[in-house]
2 protein chains.
Amino acid sequence: MHTQLIAHIRKFVPISEEEAAVIASCTQVRQVKKKQPLLKEGQVCTTHYFVTKGVLRLYALTDRGTEQIIQFAIDNWWLSDYMSFDKQTPSGFYIQAVEDTTLLCIERSAQEQLFAQIPQLESYFRIVFQRAYAASLMRIQYIFCLTKEERYHHFNNAYPEFVQRIPQYMLASFLGFTPEFLSKTRAKKG
Amino acid sequence: MHTQLIAHIRKFVPISEEEAAVIASCTQVRQVKKKQPLLKEGQVCTTHYFVTKGVLRLYALTDRGTEQIIQFAIDNWWLSDYMSFDKQTPSGFYIQAVEDTTLLCIERSAQEQLFAQIPQLESYFRIVFQRAYAASLMRIQYIFCLTKEERYHHFNNAYPEFVQRIPQYMLASFLGFTPEFLSKTRAKKG
DNA sequence: CGATTTTTTGAATCATATCAACGTACGTGG
DNA sequence: CCACGTACGTTGATATGATTCAAAAAATCG
């Protein structure tokens with residue numbers, strides 16, 4: 001399990017075997033079942049999650065009681081409520097497993113120790129967040145520049161395997177429209 | 001000019017006077033006039049911009065030839081096309097000054113040297129990007145969970161001074177609706 | 001001041017949501 | 001392994017929020 005994280009880190013920065021062992025010792029493996037919650041609104045988010053296998057979702061409850069999916073995390077993605085994690089304030093989000101998922105968990109305090117011991121990790125996460133931010137801005141571009149139908153086709157072309165893995169109502173929520181609209185769009189051509 | 005950047009960095013990580021001098025030596029001050037372009041679609045983005053005074057906008061051209069604003073940068077914000085900057089591929093965006101603006105510019109190669117010489121900068125940018133990513137996800141939440149009218153009021157309450165500084169058609173673009181809609185919304189109450 | 005840029009206003013149109021009803025699949029316990 | 005219940009997906013009719021377009025009014029700039 002840890003080897004997958006170590007391999008991912010080594011794509012970006014060099015770390016020794018000893019450092020890899022330190023990282024492993026500061027992370028806990030965790031198996032979560034489909035629909036199992038990891039964070040609820042009002043809680044302070046104290047954990048940084050790395051998905052080794054499976055899917056997590058970060059979502060919010062809207063005024064009208066519906067769930068709005070803000071982000072997914074799949075294999076080799078990090079997820080947390082970074083606002084709550086950073087400032088140690090109550091979260092406005094939920095984190096939940098979409099399917100049976102294997103995670104590595106790093107507590108905030110452990111992460112801080114790791115940064116102090118292994119400075120390359122600052123570099124690693126700098127790159128991870130830089131890319132996540134860039135991807136998030138691209139997503140905003142798609143949201144504003146494409147119609148909802150185009151958005152669906154674009155996402156479907158970019159991540160066809162992922163689209164197969166998740167329920168349609170979750171995909172609809174993530175893309176910012178209703179399940180009915182997705183159903184009708186799929187009925188048109190494919 | 002550099003002192004403002006140094007002060008900002010020191011809010012997050014400690015750096016010595018010598019290190020501050022190295023940072024200053026690797027950055028160029030630049031004054032840009034309103035509407036002056038800093039990046040055009042098709043160019044590779046090789047510069048990281050830090051706004052000390054003024055406003056920049058990152059925008060894309062849509063299929064229909066209109067400008068879609070993806071991000072603003074104001075005092076003490078960093079801006080670049082991080083996708084293009086990171087991978088050294090042609091950008092799909094434009095960067096332009098919204099008003100007369102004072103910038104610090106760091107070339108990609110200079111930034112890499114700085115990271116090698118001053119590891120705390122990795123930590124600084126890790127924090128900067130983590131917050132930018134968190135803010136971007138919050139923005140996606142607002143886009144999906146609020147109506148366009150609510151979005152305007154929310155943004156107007158959160159950043160009233162900024163709203164005064166930029167033309168309404170730019171605010172409308174940033175918030176994802178038309179200038180006409182914004183005009184009609186403002187006519188309602190405030 | 002005149003010229004350009006930005007904002008306003010109104011009417012017609014369009015994309016997408018909503019609601020309700022029905023169909024299908026799925027997984028859980030008997 | 002089947003049957004039942006719940007969760008998920010589809011469909012059509014109607015409603016609505018926001019866009020589009022065009023034109024006029026206001027603000028800003030050289």
Side-chain angles (χ1 to χ4, degrees), chain A residues 32-37 55 57 59 61-69 72 94 96-100 142-156 162-190, chain B residues 32-37 54-55 57 59 61-69 72 96-101 140 142-156 162-190:
Chain A
V32 291
K33 286 280 176 196
K34 186 174 173 170
K35 298 203 177 176
Q36 191 173 327
V55 181
R57 62 199 264 246
Y59 67 96
L61 282 191
T62 68
D63 294 344
R64 296 211 299 340
T66 63
E67 297 173 353
Q68 176 58 54
I69 297 179
F72 286 112
Y94 297 77
Q96 191 195 50
V98 173
E99 57 187 47
D100 293 359
Y142 294 136
I143 290 169
F144 286 151
C145 294
L146 302 182
T147 67
K148 300 193 175 187
E149 186 169 342
E150 290 168 337
R151 219 139 89 204
Y152 163 68
H153 288 304
H154 180 272
F155 191 83
N156 200 35
F162 178 70
V163 169
Q164 297 307 109
R165 270 166 85 174
I166 57 168
Q168 286 191 27
Y169 73 92
M170 286 197 190
L171 178 61
S173 174
F174 178 73
L175 292 177
F177 44 72
T178 60
E180 291 93 334
F181 179 80
L182 178 50
S183 179
K184 284 163 190 171
T185 300
R186 293 196 67 214
K188 285 192 192 174
K189 19 180 187 175
Chain B
V32 291
K33 285 280 175 197
K34 186 173 175 173
K35 298 204 174 170
Q36 189 172 329
V55 182
R57 63 199 264 246
Y59 67 95
L61 282 191
T62 67
D63 294 343
R64 296 211 300 337
T66 62
E67 297 173 352
Q68 176 57 55
I69 296 179
F72 287 112
Q96 191 194 51
V98 173
E99 56 187 47
D100 293 358
T101 298
I140 289 173
Y142 294 136
I143 290 169
F144 285 150
C145 293
L146 303 182
T147 67
K148 301 193 173 186
E149 188 169 341
E150 288 169 337
R151 220 140 87 206
Y152 163 68
H153 288 304
H154 180 272
F155 191 83
N156 200 34
F162 178 70
V163 169
Q164 298 307 109
R165 271 166 83 176
I166 58 168
Q168 286 190 30
Y169 74 92
M170 287 197 191
L171 178 62
S173 174
F174 179 74
L175 292 177
F177 45 71
T178 61
E180 292 92 334
F181 178 81
L182 178 50
S183 177
K184 284 163 189 169
T185 300
R186 292 196 66 215
K188 285 189 190 175
K189 20 181 185 173

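Quick note on labels: first sequence line is chain A, next is B, and so on, each numbered from 1.
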Check: Between D:dA22, C:dT7, D:dT11, which nucleotide has the shortest distance from any of its atoms to the side chain of B:Glu180?
Finding: D:dA22

Item checked: Check: A:Thr185 side chain, A:Phe181 main-chain N or O, donor-acceptor pair, under 3.5 Å -> yes

Margin query: Distance check needed: C:dA15 P versus A:Phe144 CZ, whole Å only.
Written below: 19 Å

Check: Counting only side-chain N and O atoms of B:Thr178, is one of them less than 4.0 Å from OP1 or OP2 of D:dA18?
Finding: no

Checklist line | Nearest-Å distance for atom pair CZ/P, residues A:Phe177 and D:dG9 | finding: 13 Å

Checklist line | Distance, rounded to the nearest Å, where B:Leu175 contributes CG and D:dA18 contributes P | finding: 12 Å

Note to self: Whole angstroms only, please: what is the CG-P distance between B:Leu182 and D:dT20?
What the structure shows: 15 Å

Check: For A:Phe181 and D:dC8, what is the distance between atoms CZ and C1' respectively, to the nearest whole Å?
Finding: 19 Å

Item checked: Side chain of A:Lys35 - closest among C:dT5, C:dT7, D:dC8 -> D:dC8

Notebook entry, point to check: Counting side-chain heavy atoms from C-beta on, which of D:dT10, C:dT7, D:dT19 comes nearest to A:Arg186?
Noted result: D:dT10

Note to self: Applying side chain to side chain contact (heavy atoms under 4.5 Å, CB included) to A:Tyr152 and A:Leu171, what does each step give before you reach the verdict?
What the structure shows: CA-CA 9 Å; A:Tyr152 163 68; A:Leu171 178 61; 4.1 Å; yes

Check: Looking at the rings of A:Phe155 and A:Tyr142, which for Trp means the six-membered one, are their centres under 6.0 Å apart?
Finding: no

Note to self: For a quick test of reading the model: is some side-chain N or O of B:Ser183 closer than 4.0 Å to OP1 or OP2 of C:dT8?
What the structure shows: yes

Check: Quick one: does B:Arg57's side chain have a donor or acceptor within less than 3.5 Å of a partner on B:Ile69's backbone?
Finding: no

Checklist line | Closest-nucleotide ordering on DNA chain C, the 5'-leading residue of A:Leu146 and B:Lys34 | finding: B:Lys34

Check: Sub-3.5 Å donor-acceptor pair from the side chain of B:Asp100 to the main-chain atoms of B:Lys34, do we have one?
Finding: yes

Next item on the list: Starting at atom NZ of B:Lys184, determine the distance to atom C1' of C:dA11, rounded to an integer number of angstrom.
Entry: 9 Å

Checklist line | Separation of D:dC29 C1' from B:Lys33 NZ (nearest whole Å) | finding: 13 Å

Check: With sugar-phosphate meaning primed atoms plus P, OP1 and OP2, does B:Pro167 contact a base, only sugar-phosphate, or nothing at under 4.0 Å between heavy atoms?
Finding: sugar-phosphate

Margin query: Rounded to whole Å, please give me the gap between CE in A:Met170 and C1' in D:dA7.
Written below: 11 Å

Note to self: Using OP1 and OP2 only, check whether a side-chain N or O of B:Gln168 sits under 4.0 Å from C:dT8.
What the structure shows: yes

